Amino acid sequence: MYTRVQTARQKWGGSLTAIDNWLDERQQLIVSYCKLAALPPFDSKRTTLPTQAAVQEFCQLMVDYLSAGHFEVYERIVSECAVNGTDSRKLADSLYPKIAVSTDLALNFNDLYADHLSTKHSAAFDRELSELGQALEERFAYEDELINTLYEKHTDSNVSA
């Protein structure tokens, strides 16, 4: 996940402020996820649930990231695609439902764990966190397709922040 952010920054960094900010938020989300899941280089020997504060921090970053995507970046991409090309609009329309699946999963995770994590949920928490991580990875790939389309086909139209 993290290398995807680095690749995205190298490829599209500086082309649009909204995308730069969004990629920064994505990086923060990934780091928080890795800490929560106890993935290397963080504590890979977690035997208990993370703290409620750590879960809340992750959930807040995740909701902020999802919101920025839906209300800033996707809107911008879709409006640029609508103005500058039907092929791009078709891609955006085909990817949005796939992205929405991870949004639903993320919001359900937030509803379940952001405010009330307990030891009786430990098995479900780890399983659902893993499923969320996989869904986010897929989401990032779909989002990158949208960003790439905006960058390749629409930056010549003087897209600015």
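We count residues from 1, following the sequence as given. None of the values given here were measured: they were computed from a predicted structure.
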Parallel, tilted or perpendicular: which one describes the rings of H70 and Y96, with boundaries at 30° and 60°?
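Because their plane-to-plane angle is over 60°, the rings of H70 and Y96 count as perpendicular.
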
Take the angle between the ring planes of Y113 and F125 and call it parallel below 30°, perpendicular above 60°, tilted in between.
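Plane angle over 60°, so perpendicular.
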
So, using side-chain hydrogen bond (donor to acceptor under 3.5 Å, both in side chains) as the criterion, who are the partners of [X] when residues are at least two apart?
X    : value
D111 : none
S102 : R139
Q134 : none
Q60  : D64

If you measure from [atom1] on [X] to [atom2] on [Y], what distance do you get to the nearest 0.5 Å?
X    : Y    : atom1 : atom2 : result
D115 : Q52  : CG    : CD    : 6.5 Å
T103 : M62  : OG1   : CE    : 10.0 Å
I99  : L66  : CD1   : CG    : 10.5 Å
L136 : L105 : CG    : CG    : 8.0 Å
D24  : L29  : CG    : CG    : 12.5 Å

What closest approach, in Å, do [X] and [Y] show between heavy atoms, and which atom pair accounts for it?
X    : Y    : answer
V55  : P50  : CG2-CG, 3.9 Å
L95  : E145 : CD1-CB, 3.6 Å
W22  : A68  : CD1-CB, 3.8 Å
N110 : C59  : OD1-CB, 3.0 Å
A106 : L132 : CA-CD1, 3.7 Å
E128 : L112 : OE1-CD1, 3.4 Å

Residues forming a salt bridge (charged side-chain N to carboxylate O under 4.0 Å, His left out) with E131, sequence neighbours excluded:
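E131: salt bridge (charged side-chain N to carboxylate O under 4.0 Å, His left out) contacts with R127.
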
Give a yes or no answer on whether the side chain of [X] reaches the backbone of [Y] with a donor-acceptor pair at less than 3.5 Å.
X    : Y    : answer
N108 : D104 : yes
S130 : D126 : no
Q28  : L61  : no
Y65  : Q27  : no

E143/R26 ion pair, N-O < 4.0 Å
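Yes, charged N to carboxylate O under 4.0 Å.
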
Report whether L107 and F109 are members of the same hydrophobic cluster (ILVMFWY, side-chain heavy atoms less than 4.5 Å apart, transitive linking).
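Linked, L107 and F109 end up in one cluster.
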
Excluding sequence neighbours, so at least two apart, what forms side chain to side chain contact (heavy atoms under 4.5 Å, CB included) with T51?
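With sequence neighbours excluded, T51 shows a side chain to side chain contact (heavy atoms under 4.5 Å, CB included) to A53, A54, given in chain and number order.
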
